[in-house]
Amino acid sequence: MSEAARIDGKAFAEALRARIGAAAAAFLQAAARKPGLAVVLVGEDAASQVYVGAKAKACEEAGIASFEHRLPATTSAAELLTLVERLNRDPEVDGILVQLPLPQGLDEQAVIAAIDPDKDVDGFHVINAGRLAVGQEGFVPCTPLGCLMLLQDRIGDLSGLEAVVIGRSNIVGKPMAQLLTDANATVTIAHSRTKNLPEVVRRADIVVAAVGRPEMVRGDWIKPGATVIDVGINRLPPEEGKAKGRLVGDVAYAEALEVAGAITPVPGGVGPMTIAVLLRNTLVAAHRHAGLDAPEGI
Ligand code: NAD
């Protein structure tokens with residue numbers, strides 16, 4: 001069999017960002033303001049600093065106003081909630097994102113619950129989780145929505161396909177399973193207590209791995225021709241003489257490449273989709289707030 005196609009999430013995300021840029025420019029004409037995203041970062045977490053910087057840069061490039069709020073790790077729950085309330089009321093702000101994890105002592109669920117669900121562009125608020133569960137319009141978490149976009153771009157109609165989602169987190173696994181169900185796939189959610197995981201995965205036409213365990217899914221777990229979406233981002237220990245270890249996914253890429261029909265690489269697969277979908281959700285929020293129809297094809 002020939003080698004699997006490489007699903008180029010980076011190129012797909014770039015094209016999506018270009019469409020968002022064009023739609024944001026049209027929004028500016030129609031609403032006399034840019035769509036706006038507020039990003040709140042509490043504390044000094046190094047990875048979070050990088051993510052927040054990348055989000056602000058992506059906003060700027062797409063013509064979305066970015067309002068950054070960097071608060072010290074000593075910020076109290078009351079101070080953080082006051083800021084969220086202010087952003088909820090701010091008409092320039094369409095989307096609010098509180099970068100997780102929060103420093104110890106701050107209750108993440110309480111902060112997410114304080115965000116106006118109609119500005120919750122991360123889709124983490126229970127109202128949005130509920131809307132997704134019952135099929136109402138809301139906001140869907142960015143990473144699984146990005147995975148769905150890649151799958152539909154690659155496969156087209158997912159009706160009747162067997163999908164196995166490995167992982168049941170609130171931000172990836174569960175919403176992913178719901179999106180696939182809504183797209184008419186037959187969905188199995190596998191997790192840490194699943195028995196005979198390789199056998200379960202072997203029946204899948206679509207595999208979405210969101211576990212956080214380097215190269216756990218082996219090539220011989222994959223049904224020949226299956227489409228594999230690897231959400232995992234894991235850094236291996238550095239090899240001798242190197243400062244940093246390699247980034248790998250949850251799937252043993254080289255092995256899976258021999259068997260799958262198509263697969264996302266790590267990096268360059270799902271990763272770039274997350275920020276692109278965040279911009280997309282912000283743009284959609286702006287249209288809803290302005291009473292305008294959401295742009296098509298985004
Ligand atoms: P999580 O730790 O919240 O959830 C992991 C899930 O994997 C759990 O539901 C657990 O039941 C399951 N699991 C753990 N061990 C297992 C095993 N041995 N067999 C089967 N299932 C097992 O993680 P998460 O937030 O969902 O993230 C998962 C991975 O995706 C991580 O590597 C994370 O870095 C990555 N991630 C990437 C992006 C992106 O933008 N690409 C976004 C979010 C998360």
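Just so you know, ligand 1 is whichever comes first in the structure, and atom 1 is the first atom listed for that ligand.
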Quiz item: Within 45° of the ring axis of Phe12 and under 6.0 Å from its six-membered ring centre, is that where the NZ or CZ of Arg154 lies?
Solution: no
Self-check item: Numbered atoms and elements of ligand 1 in range of Asn234, under 4.0 angstrom, heavy atoms
Solution: 32 (O)
Practice problem: Using a strict 4.0 Å cut-off to heavy atoms of His191, name the atoms of ligand 1 that fall inside it. | Solution: 11 (O), 19 (N), 20 (C), 21 (N), 22 (C)
Quiz item: So, does Ala210 sit close enough to ligand 1 that a heavy atom of it is under 4.0 Å from the ligand?
Solution: yes
Self-check item: Atoms of ligand 1 close to Gly167 [distance to a heavy atom under 4.0 angstrom, numbered from 1]
Solution: 6 (C), 7 (O), 9 (O), 12 (C)
Exercise. Could you tell me whether Ile233 and ligand 1 have an N or O pair separated by under 3.5 Å?
Key: yes
Quiz item: Is Met273 near ligand 1, meaning one of its heavy atoms is under 4.0 Å from it?
Solution: no
Practice problem: Give the minimum heavy-atom separation between Cys59 and Leu279, together with the two atoms involved. | Solution: SG-CD2, 3.7 Å
Quiz item: atom 40 (O) of ligand 1: which protein heavy atom is closest, and how many Å away?
Solution: Thr274 OG1, 2.7 Å
Practice problem: Output yes when Arg131 and Asp118 qualify as a salt bridge under the 4.0 Å nitrogen-oxygen rule, no when they do not. | Solution: yes
Quiz prompt | Options Val172, Asn170, Leu100, Val211, ranked by nearest heavy atom to atom 44 (C) of ligand 1, top entry | solution = Val172
Quiz item: Numbering the atoms of ligand 1 from 1, which are under 4.0 Å from a heavy atom of Ile166?
Solution: 20 (C), 21 (N)
Quiz item: Is there a nitrogen or oxygen of Ser169 sitting under 3.5 Å from a nitrogen or oxygen of ligand 1?
Solution: yes
Quiz item: Which atoms of ligand 1 sit under 4.0 Å from any heavy atom of Ile171?
Solution: 25 (O)
Self-check item: Shortest protein contact, atom 29 (C) of ligand 1 (heavy atom only)
Solution: Gly212 N, 3.7 Å
Quiz prompt | Distance from atom 42 (C) of ligand 1 to nearest protein heavy atom, with residue and atom | solution = Thr143 OG1, 3.2 Å
Practice problem: Tell me, please: is Gly271 in heavy-atom contact with ligand 1, that is, under 4.0 Å? | Solution: yes
Practice problem: Please check if atom CZ in Arg246 has more than 12 non-hydrogen atoms from other residues, nucleotides or ligands closer than 6.0 Å. | Solution: no
Exercise. State whether the side chain of Thr143 and the backbone N or O of Thr274 hold a donor-acceptor pair below 3.5 Å, judged by distance alone.
Key: no
Quiz prompt | Those atoms of ligand 1 less than 4.0 Å from some heavy atom in Val270 | solution = 41 (N)
Self-check item: Atoms of ligand 1 close to Leu197 [distance to a heavy atom under 4.0 angstrom, numbered from 1]
Solution: 19 (N), 20 (C)
Quiz prompt | atom 35 (C) of ligand 1 - nearest protein heavy atom and its distance | solution = Val231 O, 3.4 Å
